[in-house]
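Index from 1, following the sequence.
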Amino acid sequence: MPGRSTHAGMPPLAYGLISSANPAAGVLLAPFLQPLLARGNTHLVCAGACVAIGTGIAATGAGHGLGWYAATTVVWTLGEAAFMATAPAI
């Protein structure tokens, strides 16, 4: 991501803001996500989490700009939170 944001002409502050989307999504959205995950089939939730991680990371290369990169970071972060919550149960 640092190379991608530098190649897009973004200043270091932009990379810092993008990086802050990861813990912000984890802290703000994961508590609401956990009760939903607990009700789902563990295998399906884990598989969906892997899809979200892959989609978020792959989509990073498809767009440009601070908003796009922050949004894709939130997507893979939510997938990461879902994976970490369910994978140990499998």
Side-chain angles (χ1 to χ4, degrees):
M1 191 65 216
R4 180 83 177 150
S5 60
T6 301
H7 184 265
M10 297 176 153
L13 175 63
Y15 175 69
L17 292 172
I18 295 164
S19 296
S20 69
N22 179 281
V27 170
L28 298 175
L29 300 175
F32 300 105
L33 186 64
Q34 296 303 326
L36 297 173
L37 297 175
R39 291 184 276 180
N41 177 306
T42 306
H43 292 87
L44 293 177
V45 171
C46 192
C50 291
V51 169
I53 293 168
T55 300
I57 291 173
T60 300
H64 301 286
L66 179 64
W68 180 264
Y69 294 145
T72 60
T73 299
V74 170
V75 169
W76 66 257
T77 298
L78 292 177
E80 184 181 54
F83 181 82
M84 297 305 286
T86 56
I90 295 179

Holding to side-chain contact (heavy atoms from CB on, under 4.5 Å), I want the full list of residues that pass it with I90, two or more places apart in sequence or in another chain.
T42, H43, C46

Taking only residues two or more places apart in sequence or in another chain, which ones pass side-chain contact (heavy atoms from CB on, under 4.5 Å) with V75?
none

Which other residues end up in the same hydrophobic cluster as I57, if Ile, Leu, Val, Met, Phe, Trp and Tyr are linked when side-chain heavy atoms come under 4.5 Å apart?
I53, W76, F83, M84

Rounded to the nearest 0.5 Å, what's the gap from OG1 on T73 to CG on L17? Could you check?
11.0 Å

Count I, L, V, M, F, W, Y as connected when their side-chain heavy atoms are under 4.5 Å apart, and connections chain through other members. Are Y69 and L29 then in the same cluster?
no

Does T55 have any side-chain contact (heavy atoms from CB on, under 4.5 Å) partners at least two apart in sequence or in another chain, and if so, which?
V51

Taken in chain and number order and not counting sequence neighbours, the residues that satisfy side-chain contact (heavy atoms from CB on, under 4.5 Å) with A85 are Q34, L37

Tell me, please, which residues at least two apart from T72 pass side chain to side chain donor-acceptor pair (under 3.5 Å).
T60

Please name the pair of heavy atoms, one in G79 and one in A49, separated by the smallest distance, quoted to 0.1 Å.
O-CB, 3.2 Å

If you look only at pairs with a residue in residues 21-30, which of them pass as a side chain to side chain donor-acceptor pair (under 3.5 Å), with sequence neighbours excluded?
N22-T77

What one should report as the nearest heavy-atom pair of A30 and G26 is CB-O, 2.9 Å

